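First listed ligand is number 1; within each ligand, the first listed atom is number 1. Just so it is clear, the structure is predicted and the values come from calculations on it, not from any experiment.
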Amino acid sequence: MPEESIDHIDFEDLNKRAISKPIVTHLYTADPSAHVFNGKIYIYPSHDIDAGDAFDDLGSHFAMADYHVFSMEDIDSVVKDHGVALHVDNVKWAEKQMWAPDANEKDGKFYLFFPAKDYDGIFRIGVAISDKPYGPFIPQEEPIKGSYSIDPAVFKDDDGSYYMYFGGIWGGQLQRWRSGIFNASEPTSPTAFLPLDNEPALLPLVAKMSNDLLEFNEKPREVKILDEAGNLLLAGDKERRFFEAAWVHKYNDKYYFSYSTGDTHYICYGIGNNPYGPFTYKGKILNPVVGWTSHHSICEFKGKWYLFYHDSSLSKGVTHLRSVKISELNYNDDGTIQTLDPYL
Ligand code: FUB
């Protein structure tokens, strides 16, 4: 994830044109996963810090060490920081890089799902449990068996089943798992091991969770994202193909799979008829924000739909120092989503 030149950006002007402001300003926060629990909005973001790591295309500068949980009584009310919910030092198997998390609730217990690099430098996905939505969360001793890559998002379907979506290319390492085992060989370039431009793009994964939400109940399956003609999106189709940041929500009985296109900086989506897909590509939800990454969640609150996302406006464009924002999301009558421009 390279630093892109921000010299040309007039941040005063950009902030005036922004459709929303950072909701947290005392910390840098990113990758917001939002849920409504007990009538309140809870946000589970990454906690961005500057740990001094050099920038590279594998995202080494995203060196986060802990998570804070935030809550809001209403969509425009004060945002409460509940403090450190989980620290990497308390996770036995994890060494570093606490990237984008998600959470969910089952039978009065709250589960934080998070990716981190283990001591072999391989991203795995862990679970931590609390009696409260804001933690502190007690981590399991081991990551989820068979988990790999980044950006877990756990969707609860209306029948009470939970599904984890995950995966991310480049620094998220998905391209190193193409044979089913981690390919640790050289080169370390983020684009090594990716399919050719005229081959189908790498796909995110989904697995139904076990009843206790601590393991996969099945081998993860690929989530197919198809074009209008029913063909898999190609690796060279960089404005539409999956890169990272999976999220699933349900609207009018349809399943919406949304994700970031990474190096082209869009949040896009497809619609399907069941949690496994396939999902047919429908369009863009969010145009590029300031900062390299784009990552979001979608959540209904009091009958309206909201996009939780981030940009790097507060840090004046520093890639790894991002801030969570919220904007209302609108649907067209045919179920498609109206594209948001983050700056007017
Ligand atoms: O925050 C670190 C990584 O950046 C996330 O896991 C990605 O989705 C991207 O936002």
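In this structure, D56 contributes its side chain and L58 its backbone to a donor-acceptor pair below 3.5 Å. Within the 3.5 Å criterion, the main-chain N or O of L307 finds no donor-acceptor partner in the side chain of H296. In this structure a side-chain-to-backbone donor-acceptor pair under 3.5 Å is missing from S294 to Y266.
By the 3.5 Å distance cut-off applied to N or O atoms, D48 is not counted among the residues near ligand 1. Checked by distance only, ligand 1 and W99 stay at 3.5 Å or farther apart across all their nitrogen or oxygen atoms.
For the pair M64 and ligand 1, a heavy-atom separation below 4.0 Å is found.
The residues E95 and K117 are annotated as not salt-bridged, no charged nitrogen and carboxylate oxygen being separated by less than 4.0 angstrom. With respect to the salt-bridge test (charged N to carboxylate O, under 4.0 angstrom), the residues R176 and E186 do not qualify.
Between R322 and the options D50, D48, D311, a salt bridge (Lys or Arg N to Asp or Glu O under 4.0 Å) holds for only D48.
Against a heavy-atom cut-off of under 4.0 Å, D151 is close to the following atoms of ligand 1: 5 (C), 6 (O), 7 (C), 8 (O). Atoms of ligand 1 lying under 4.0 Å from any heavy atom of H295, numbered from 1 in the order shown and given with element: 7 (C), 8 (O), 10 (O). Ligand-side atoms of ligand 1 in range of A100: 6 (O), range being under 4.0 angstrom from any heavy atom.
Under 4.0 Å from ligand 1, the heavy atoms of R322 that appear belong solely to its side chain.
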